[in-house]
Amino acid sequence: MSHSIPERLTSYIDGAYLPARANAHCLPVINPATAGVIAQLQEADAREVDQAVQAAARSFAAGSWRALPLQARAEVFRRICELTQAHADELCRLECIDLGIPISQARGMVTARVIRNFSFYADHLSQGAERAVRQDDLYQRYVHRDPVGVCGLISPWNAPLMLATSKIAPALAFGNSCVIKTSEYTPLALHRFMSLLSEAGVPPGVVNLVNGRGEVTGAALVAHEAVALVSFTGGGAAGRQIAAAAGAGLKKCDLELGGKSACIVTDSADLEAAVDGALLGIFGNSGQMCFAGSRLLLQRSIADDFLERFVARAGAIRVGDPLDPATEMGPLAYEAHLERVMDYCRPVPGEGVSVLAGGQRRDDLPGYFMNPTVLLADHADVRACQEEIFGPVATVLRYDCFEEALAIANRSRYGLAGYLWSQRLDETMAAAQGLRTGALMVNSPMVFDLRMPFGGAGESGVGREGIESLHNFYSEEKAVAIALRAVPMPLRLGAGAAA
């Protein structure tokens, strides 16, 4: 059953949505397809953040979640999957309304990923085991894990529900309580999802939601003394501030930041597949993806052929209402972001950039729409090749030899992902060993496997998301040694005086 969108969205604390506060600061939630106001978001101030953290701390101390047997946690996770599936249409519609992702793509990019997040950890809880060793007849040793405590989770606006649950699921799987802050631009789906978590059996106070801007709500959450760790996905400037604040409190900190990923196409590539993959990699979700293949590196001998196909297909992408099943690309998420992206589509004379396709705002549509854009760069140091645009803008560079392609790809302060379209084993192995990235896709668009690490080098972040990394991040290892018989003491201090 579908729920209506409340006029005012409030925090979800201790298993309930808070009532509206008089004189609270509110932020408009805008539909990017119409530029109309959907609702008002009540910003959580430091006092409200403290209320959420205290609720999480109480639930953790009481053991309402961390003390549950692993099988009981897994059953709750499976119930979350069932409820997500039952409410998939509603959740996808909410994500379309405030993000602008096309409804035709939302199921695969939103609810399918949410279900995978929780089902993966349900399986892990029933199958995971810790290390135990016995090397002699004196000790039995094993590793015991404790949950960290209260986790501060901050997720971005470009994939609100998907990326929020990619943090909530492991935090809960390993016994923690948490407070999550999503973006003030795209709060709708996660706001609704909170009640589904409670319906599935997550006890009150275990997952709490606070709303607001990073400099207000996020800063209060990171600085709170009862928050044991911080997981952040977002921009580099905010990531630096969060890392500094978390470091001051000696908190664990995981940062998944930006990217300027290269998509290398060689003369041995299947060009039809490469065009399909490159289009998806930069124009999916309007290019608002940290792992977007935003730099197209084309071997000179095939560049013209590739560009002819790529530009024609980019121009044929259906841009429009995200709720229309025929739409292939929706609006950008908010107006200031659209203006920022459009600035890259107005190259300065002499800069070394020309517009091959697109570059215009769609004035025939009422919201924050633009055409898919292709830029051609003379060299790798132009602004459009070095800065993360985070929109539907592909920047093209030509290269001669494969070593040059690797050098251009590495000429970036980012290192999140890389894409290679090649049929040659030597090129594949050279890219695997030579590209400074956290992930490499060969003859494939981005794919995720929660068993594998995901994260970046350089300014793309610190830490990895993947089962092994997240197990260590969201829990603390304790080495236990049990003496199996009387252990000879190396020294008996004070024994002589006692005699």
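- Judged purely by atom type and a 3.5 angstrom limit, N410 uses its side chain to pair as donor or acceptor with the backbone of G434.
- Between Q299 and F306 the shortest side-chain heavy-atom distance does not fall below 4.5 Å.
- D378 and R398 are not joined by a salt bridge, as no carboxylate oxygen comes within less than 4.0 angstrom of a charged side-chain nitrogen.
- In this structure, the side chain of T327 does not engage the main chain of M329 through any donor-acceptor pair within 3.5 Å.
- In this structure, C151 and V227 approach most closely via the heavy-atom pair C-CG1, 4.4 Å.
- In this structure, the side chains of Y474 and L229 come closer than 4.5 Å at one or more pairs of heavy atoms.
- F369 meets the ring pair (Phe, Tyr, Trp, His ring centres under 6.0 Å) test with no other residue; sequence neighbours excluded.
- Distance alone, capped at 3.5 Å, places no donor-acceptor pair between the R79 side chain and the L197 backbone.
- At least one side-chain heavy atom of L376 sits under 4.5 Å from a side-chain heavy atom of S354.
- Under a 3.5 Å cut-off, the side chain of K260 and the backbone N or O of Q386 do not form any donor-acceptor pair.
- Cation-pi contact between R113 and F448: present, with separation from the ring centre below 6.0 Å and deviation from the ring axis of at most 45°.
- With contacts defined as side-chain heavy-atom distances shorter than 4.5 Å, the pair L221/I154 qualifies.
- Between the side chains of T165 and N117, a donor-acceptor pair is found at a separation under 3.5 Å.
- I97 is listed as a side-chain neighbour of L188, based on a closest heavy-atom distance under 4.5 Å.
- Side-chain contact between V396 and V374: present, with at least one pair of heavy atoms (C-beta onward) separated by less than 4.5 Å.
- Atom CD of E308 has 12 or fewer heavy atoms from other residues, nucleotides or ligands within 6.0 Å.
- Taking 4.5 Å as the limit, every side-chain heavy atom of H87 sits out of range of all side-chain heavy atoms of F193.
- No hydrogens or angles considered: a donor-acceptor pair under 3.5 Å links the side chains of R8 and Q42.
- Remark: side-chain polar atoms of R340 are paired, donor with acceptor, to backbone N or O of I389 under 3.5 angstrom.
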Distance-only criterion, 3.5 Å: show the donor-acceptor pairs between side-chain atoms of residues 233-242 and protein atoms not counting sequence neighbours.
residue: T233; atom: OG1; partner: K167; partner atom: NZ; Å: 2.8
residue: R240; atom: NH2; partner: E459; partner atom: OE2; Å: 3.4

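- Not one N or O on the side chain of E256 forms a donor-acceptor pair closer than 3.5 Å with the backbone of F232.
- Side-chain contact annotation: S422 with E427, donor-acceptor N/O pair under 3.5 Å present.
- Ring pair Y17/Y12 is perpendicular by interplanar angle, where above 60° counts as perpendicular and below 30° as parallel.
- At least one donor-acceptor pair under 3.5 Å links the side chain of S412 to the backbone N or O of Y414.
- The shortest side-chain heavy-atom distance between R362 and Y368 does not fall under the 4.5 Å cut-off.
- When atom types are taken as modelled, the side chain of N211 and the backbone of T182 share no donor-acceptor pair closer than 3.5 angstrom.
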